[in-house]
Amino acid sequence: TRHDNAATKHLPDGSVVGLHSKEWAMYCQARFVLSQPLKARREILDGVERSRGKDGRELLESEIMRWHRVQKQTTA
């Protein structure tokens with residue numbers, strides 16, 4: 001839920017999210033994972049699966065792929 005006076009951020013895809021929103025948290029997590037070497041990404045995702053379950057891992061993986069595609073489009 002977004003409050004009118006809440007701090008917001010513009011994401012690379014043009015959407016605007018609150019800094020305390022689930023969307024912002026997922027974006028930050030995905031961006032962090034993408035910044036890591038492949039081996040570290042796999043370890044992080046394994047840890048996410050252990051703590052959040054398979055659904056949690058799949059959710060983060062889909063966000064990672066989403067932002068990877070956006071990043072490729074904006075740098076192409």
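All values derive from a computational prediction rather than experimental measurement. Every heavy atom of this structure was used, including side-chain atoms; hydrogens, water molecules and symmetry mates were not.
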**Report entry** Criterion side-chain contact (heavy atoms from CB on, under 4.5 Å) on Thr8 and Val17, from CA distance to verdict
**Finding:** CA-CA 5 Å; Thr8 58; Val17 297; over 6 Å; no
Donor-acceptor pairs under 3.5 Å, side chain of residues 24-32 to any protein atom, not counting sequence neighbours: which ones?
unit_1 : atom_1 : unit_2 : atom_2 : d
Gln29  : OE1    : Arg52  : NH1    : 3.0
Gln29  : OE1    : Arg52  : NH2    : 3.2

Requested in this report: Show your working on side-chain contact (heavy atoms from CB on, under 4.5 Å) between Leu34 and Ile64 and close with a plain yes or no.
Outcome: CA-CA 7 Å; Leu34 281 169; Ile64 290 167; 3.6 Å; yes
Query - With Lys54 via side chain to side chain contact (heavy atoms under 4.5 Å, CB included) - residues at least two apart - result: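 Testing Lys54 for side chain to side chain contact (heavy atoms under 4.5 Å, CB included), a comparison that skips the adjacent residues, returns Glu49, Glu58.
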Report task. Could you tell me which residues satisfy side chain to side chain contact (heavy atoms under 4.5 Å, CB included) with Asp46, sequence neighbours excluded, listed by chain and number? Result ->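 Applying side chain to side chain contact (heavy atoms under 4.5 Å, CB included) to Asp46 gives Arg50, Arg57.
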Query raised in the report: Measuring from Lys39:NZ to Glu43:CD, what's the distance to the nearest 0.5 Å?
Result: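 Going from the NZ atom of Lys39 to the CD atom of Glu43 covers 5.5 Å.
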Query - Flag, side chain of Ser15 to backbone of Leu11, donor-acceptor distance under 3.5 Å - result: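 Such a contact is absent between Ser15 side chain and Leu11 backbone.
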Requested in this report: Only counting residues at least two apart or in another chain, list the ones meeting side chain to side chain donor-acceptor pair (under 3.5 Å) with Arg66.
Outcome: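 Arg66 satisfies side chain to side chain donor-acceptor pair (under 3.5 Å) with Asp13 once adjacent residues are dropped.
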Query raised in the report: Which pair of heavy atoms, one from Pro12 and one from Val70, lies closest together, and at what distance?
Result: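 Looking at all heavy atoms of both residues, the shortest contact is CB-CG1, 3.8 Å.
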**Report entry** Between Trp67 and Glu63, a side-chain donor and acceptor under 3.5 Å
**Finding:**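 There is such a pair between these side chains.
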